[in-house]
Amino acid sequence: LTLYNIIRMSLDLEDIRSAARHCGLQEIYFKKASAVISFAPPTNSNKFRRINVYYTTGTVGTCIDHPSQGATQLFRRGVGIDLLKQLMLEPRTHTGDGYHRNISRQDTENEHGPNPSDEETELLTERDRLRVEAATVSAKLNEVDAALVDYARRREEKEREEMQRIRRGELRREAYINEITELVREK
C-alpha cells in the first residue's frame with residue numbers, strides 16, 4: 001500500500017460518528033491504538049449486532065446473525081463514507097467483495113457480538129485461509145493439467161495410428177494398381 005492509498009481509504013472519525021447518529025446507532029467501543037470504532041443499534045436488532053469501522057484503512061466489519069451460518073462477521077475493505085452509511089442502514093448489503101468469518105460461541109456472549117480484534121490479526125488469519133485455498137486450487141490445477149497432457153498424448157497417438165492406416169491403404173492401392181498394370185502389359 002502506498003501512503004496515498006492509505007490516506008485515500010481512511011475515514012474521518014467525525015464523519016463516521018455523524019453517519020452513525022444519522023442511522024440511529026450508538027457508539028459502543030473506541031480504541032485509538034487499534035484504529036477502530038464500533039456502533040450498535042440502541043435495541044436488539046434482527047439486522048445486526050454491531051458494526052466495527054477500522055477508520056485508518058476503511059475496513060468495515062458487520063456482525064450479524066446469519067440465518068444458516070449463525071453469528072458471522074463480514075468484512076469489506078476500502079469502504080467510503082457513502083457505502084458505510086448504506087452498511088449502517090442495511091448491514092447485509094451485498095457489495096460483491098469482502099470476506100467473512102464465523103464468530104465463536106465465546107464471542108457471542110456479548111450482546112453486541114465480538115469485541116473487534118486488531119485488524120492485523122484478522123488479515124493474517126484471512127491470509128492463512130487464502131494460502132490453504134490457493135494450495136488446494138494449485139493441486140487441482142496440476143491434476144487438470146496432467147489430464148490435459150494425457151488427452152493430448154492419446155489424441156496424437158490416434159492421429160498417428162490413423163495416418164499409418166491411411167498410408168497402409170495407399171500402399172495396398174499402389175500395389176494393386178502396379179499388379180493390374182503388369183497384367184495389362186503382359187496381355
Side-chain angles (χ1 to χ4, degrees), residues 1-138 140-141:
L1 288 174
T2 65
L3 181 59
Y4 171 76
N5 285 338
I6 291 171
I7 292 169
R8 194 183 68 189
M9 288 187 287
S10 65
L11 295 166
D12 180 72
L13 269 175
E14 287 314 307
D15 289 346
I16 296 168
R17 286 182 169 126
S18 174
R21 279 191 302 274
H22 175 75
C23 295
L25 302 177
Q26 297 175 338
E27 184 173 329
I28 59 168
Y29 183 85
F30 174 74
K31 187 170 184 181
K32 189 173 186 173
S34 296
V36 66
I37 187 168
S38 301
F39 303 92
T43 59
N44 285 343
S45 169
N46 61 354
K47 285 187 176 184
F48 69 105
R49 294 177 176 202
R50 82 188 289 143
I51 186 166
N52 301 318
V53 182
Y54 299 89
Y55 53 89
T56 58
T57 62
T59 298
V60 175
T62 51
C63 302
I64 62 172
D65 288 318
H66 192 276
S68 60
Q69 298 175 359
T72 60
Q73 206 172 167
L74 179 61
F75 293 91
R76 297 165 182 95
R77 293 189 185 117
V79 172
I81 195 69
D82 292 332
L83 179 55
L84 176 61
K85 289 176 187 174
Q86 186 178 350
L87 293 171
M88 286 177 165
L89 291 171
E90 185 49 62
R92 295 178 191 271
T93 299
H94 289 275
T95 60
D97 60 355
Y99 61 97
H100 80 278
R101 74 173 179 100
N102 289 343
I103 299 171
S104 71
R105 181 178 214 71
Q106 174 186 352
D107 287 339
T108 61
E109 291 171 3
N110 179 337
E111 70 174 292
H112 298 299
N115 286 327
S117 59
D118 181 16
E119 185 179 10
E120 181 181 18
T121 302
E122 294 293 337
L123 292 172
L124 290 169
T125 301
E126 179 66 3
R127 182 184 66 188
D128 292 344
R129 186 191 67 75
L130 289 171
R131 283 183 173 158
V132 168
E133 191 175 309
T136 302
V137 168
S138 179
K140 287 181 181 180
L141 281 172

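Because only heavy atoms are used, hydrogens play no part in the values below, and waters and symmetry mates are left out as well, while side chains stay in.
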Legend entry - Closest heavy-atom pair and its distance - Ile28, Ala40: CD1-CB, 3.8 Å
Legend entry - Considering all heavy atoms, the nearest Pro42-Gly24 contact: CD-O, 3.1 Å
Inset, instruction - Identify the two heavy atoms, one from Gly61 and one from Phe75, that lie closest to each other, and give their separation to 0.1 Å. - result: CA-CD2, 3.9 Å
Inset, instruction - Measure across Gly58 and Leu11 and return the closest heavy-atom pair with its distance rounded to 0.1 Å. - result: CA-CD1, 4.2 Å
Inset, instruction - Pick out which of Leu83, Ile81, Leu89 makes a side chain to side chain contact (heavy atoms under 4.5 Å, CB included) with Lys85. - result: Ile81
Legend entry - Distance, nearest 0.5 Å, that separates CD of Gln73 from OG1 of Thr62: 7.5 Å
Inset, instruction - Would you check if Asn52 and Tyr29 make a side-chain contact, meaning some heavy-atom pair closer than 4.5 Å? - result: no
Inset, instruction - Could you tell me which non-hydrogen atom of Cys23 sits nearest to which non-hydrogen atom of Met88, and how far apart they are? - result: SG-CB, 3.7 Å
Inset, instruction - Sorted by first residue and then second, give each salt bridge (Lys or Arg N to Asp or Glu O under 4.0 Å) pair with at least one member in residues 16-38; sequence neighbours left out. - result: Glu14-Arg17, Arg17-Glu27
Inset, instruction - Can you label the angle between the Phe30 ring and the Tyr55 ring as parallel, tilted or perpendicular, going by 30° and 60°? - result: parallel
Legend entry - Ile51 vs Leu84 side-chain heavy atoms within contact, under 4.5 Å: yes
Legend entry - Close side-chain approach of Ile64 and Leu74, heavy atoms under 4.5 Å: no
